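Here is the structure we will look at.
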Amino acid sequence: MKLLYNLNIFKHFRKQNFRILTLCSLLLSGAHSLVSAQAKAYSFAQSTGTFTTVTGGTVLGTATANSGTESLYQVTPYDVALPFNFNYNGTVYTSIKISSNGYITFGTTAPSTSNSVPISSTEAYEGAISVFGKGLNTFANLGGITGDIRTDVVGTAPNREMVIQWTNFRPAYGTSSTSAYAFSFQIRLKETTNVIDMVYNSGAFAIGSTNVLGTVQVGLRGASNSDYNNRLNASTLAFTSSTPGTANTSTQYTSTASTSTAGMPPAGFTYTWTPPTCFAPTLTTGSSTPNSVTVNWTAPMPSPATYDVYYNTTNIAPTSTTTPTQTNITGTSATINSLASTTSYYVWVRSNCGAGNYSEWSALPILLNTPCQPSNILSTAGATVCPGTSATLNATADAGATVKWYDVPTGGTSIASGNSYTTPSLTTTTNYWVSAMKETQGLVGKKIIESGASTGGGLSSYMIFSVYSTFTLKTVDVFPYSSTDGTPGTVTVELRNSSGTVIASKVVNVVGHNSTANSIPQTITLDFVIPPGSNYRLGVGAWTGVTNMYRDSTNLAFPYSFPGVVDITGSSLGAAYFYFFYNWGILTECESSRQQITATVDAVACLGISETGAKGDVKVYPNPFSEIINVHKPELVKSAKVLDLSGKLIRTIDYPQATVRLQDLSAGVYILILDMKDGTQQSVKIIKK
């Protein structure tokens with residue numbers, strides 16, 4: 001029978017204490033995206049003019065062979081200073097990095113030598129301009145031609161141009177010494193206007209006639225590959241008739257064959273990319289409270305007059321016609337109040353440059369998750385006790401919350417729960433702390449398999465999810481498969497981090513079925529405590545008896561979300577499948593900050609207790625004494641403790657006799673604690689003469 005989720009069941013399984021975070025920070029704890037959105041705002045134009053070859057300038061590399069790095073294939077990107085400041089995507093740069101693979105990048109992070117997809121790459125450079133991006137090389141002395149990469153500065157300030165030229169390059173990597181097609185292309189960065197030209201020269205065979213064809217990435221990329229502005233043409237469309245790219249992987253097709261529709265760029269063919277007059281800010285960090293989020297950004301260059309902010313809970317990006325949530329923000333930070341707790345909020349920002357001139361909204365939002373709203377501790381009551389005795393402390397909390405007791409102000413584990421806590425016997429004043437804890441339970445993920453579900457994938461398949469607040473994955477439903485219906489077996493469920501390292505696992509008993517018609521959900525208990533993090537994996541390490549489990553490929557609705565806690569974002573095959581683990585039962589605990597409660601040990605206050613005893617007929621005498629104290633009815637006493645007035649334990653006497661010798665004590669006042677066999681205690685002031 002399917003496990004019913006209710007508080008009693010979850011309380012039965014609770015073995016560990018944890019908290020939902022009270023502050024969401026970047027990335028692993030739920031604030032995502034350090035991006036700006038300018039590349040897609042550049043305007044595009046094409047023309048045909050003149051390819052002006054630069055023959056001087058600085059030669060960065062010259063081919064000395066026809067293959068490998070000697071042919072300028074996958075050489076280390078060249079770090080080149082710019083002759084003037086150049087504003088790309090709202091940031092001013094003084095240097096660039098030049099790849100032999102037909103592009104340049106901005107920022108301190110260089111592209112890898114093997115990166116041949118500069119626009120779709122996830123590498124962390126701050127921007128890219130790709131004139132002919134793919135794996136490229138040139139050659140040395142074929143048909144009297146040798147290739148190189150060089151730079152030059154032409155024109156006069158303030159209208160200079162920085163020219164980056166790939167001279168006599170093959171259209172794709174090749175090592176033939178009997179056939180080589182050579183063509184040249186440039187990126188031109190223009191001073192003052194910050195306009196970008198990509199200029200191509202016509203090509204020709206330096207030697208031989210073996211045609212070369214393939215695809216290249218052409219266009220711009222911003223700080224992430226979600227911010228792109230590129231070109232697209234299939235083999236059935238001329239290179240010169242490209243259309244805007246539809247994805248960051250869009251390419252242009254080229255061919256050296258004279259019969260090819262796509263062909264190669266003609267001499268002087270030019271793409272021009274003009275920057276917008278209003279750049280967007282760059283989102284940086286964010287934070288949240290249970291009822292608000294704060295987002296921060298850096299100003300672009302030039303800085304706008306004000307900014308607009310927009311947010312939602314659906315991750316549907318705003319457009320130019322979307323009404324902002326906040327307007328006329330003059331600083332580089334905004335706080336949005338009156339929000340719901342335990343909720344995911346997506347926030348975008350744009351620049352307002354005045355007179356109706358707005359930048360694009362940021363390409364990706366920053367994702368902020370509001371933490372839970374903790375319950376309150378309503379009252380606390382400490383206690384004052386004699387040395388060697390226990391104290392009973394009390395606290396109350398909001399309805400539905402549990403009082404948790406700690407012996408440390410932060411960290412550690414709870415030592416008790418409930419409105420009262422009785423301490424061990426104390427000899428000194430001791431502090432304790434209480435918090436209010438409230439549990440939340442829920443289900444997330446696909447609920448049931450479809451009638452058309454299939455087996456497949458196997459041990460290499462897994463679900464992918466991101467966690468924003470610590471939770472316990474209590475249970476999941478599985479539908480194991482075996483060729484013989486009703487076969488018992490085991491499944492090893494593994495929780496892995498984003499790189500695939502196993503961080504928790506559990507072997508569970510299951511029963512396999514040979515069809516979806518015979519399958520019923522089998523609820524297995526995992527109790528995986530999962531802290532914030534991205535791209536966790538839930539998979540299978542092994543199975544016995546059963547040979548697979550059912551998966552779904554229809555009626556999928558990624559992401560499956562428990563707001564503010566977890567998003568199931570896909571599987572090892574993206575959003576194509578929901579693998580194995582259905583109906584995730586999760587448990588979160590929302591805990592308040594801790595409040596201090598003190599158990600005060602006061603020996604002086606205990607001196608008022610009757611010297612003849614406060615319980616039964618047990619008496620001690622004489623008092624004051626010289627060397628011995630007599631105990632009347634010692635058979636009622638389990639132990640006797642002698643403490644000084646500071647509460648320090650001087651002596652413990654188990655099962656004292658009628659006469660207790662204390663002649664070695666210095667003269668003074670002491671406390672005699674009698675622990676009775678019936679569980680009570682008696683404190684007596686005694687005076688040594």
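Given the structure is predicted, the values throughout are model-derived calculations rather than measurements.
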T175 side chain near R170 side chain, heavy-atom distance below 4.5 Å: no

Measuring only between side-chain heavy atoms, which start at C-beta, is Y468 closer than 4.5 Å to L367?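 Yes; the side chains approach each other to less than 4.5 Å.
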
Closest heavy-atom pair, Q186 versus V54, reported as atoms and distance to 0.1 Å, is NE2-N, 4.0 Å

Using 30° and 60° as the class boundaries, would you call the ring planes of [X] and [Y] parallel, tilted or perpendicular?
| X | Y | result |
| --- | --- | --- |
| F578 | F558 | parallel |
| F86 | F106 | parallel |
| F239 | F269 | perpendicular |
| Y42 | Y88 | tilted |

Tell me yes or no: between the side chains of S112 and E123, is some donor less than 3.5 Å from an acceptor?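 There is such a pair (donor and acceptor under 3.5 Å, judged by atom type) between the side chains of S112 and E123.
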
Under the 6.0 Å and 45° cation-pi test, does R231 pair with F44? yes

Could R350 and Y358 be counted as a cation-pi pair, given that NZ or CZ must be under 6.0 Å from the ring centre and within 45° of the axis?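 The answer is yes; both the distance and angle limits are met.
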
Out of the candidates D197, T274, T272, only one should pair with K190 under the side-chain hydrogen bond (donor to acceptor under 3.5 Å, both in side chains) rule; please name it. D197

Sole candidate of S341, S288, S344 that passes side-chain hydrogen bond (donor to acceptor under 3.5 Å, both in side chains) when paired with N369: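 Checked S341, S288, S344 against N369; only one passes side-chain hydrogen bond (donor to acceptor under 3.5 Å, both in side chains): S344.
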
Does W348 have its ring centroid less than 6.0 Å away from the ring centroid of Y311?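 Ring-ring flag for W348/Y311: false, centres at least 6.0 Å apart.
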
With ring centroids as reference points, do F132 and F183 lie under 6.0 angstrom apart? yes

T151 and side-chain contact (heavy atoms from CB on, under 4.5 Å): which partner among V59, I96, T58?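 When V59, I96, T58 are each tested with T151, the side-chain contact (heavy atoms from CB on, under 4.5 Å) holds only for T58.
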
Any donor and acceptor pair, going by atom type alone, linking the side chain of N248 with main-chain N or O of S226 inside 3.5 Å? no

Is K40 salt-bridged to D227, cutoff N-O under 4.0 Å?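 Result for this pair is no, no salt bridge flagged.
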
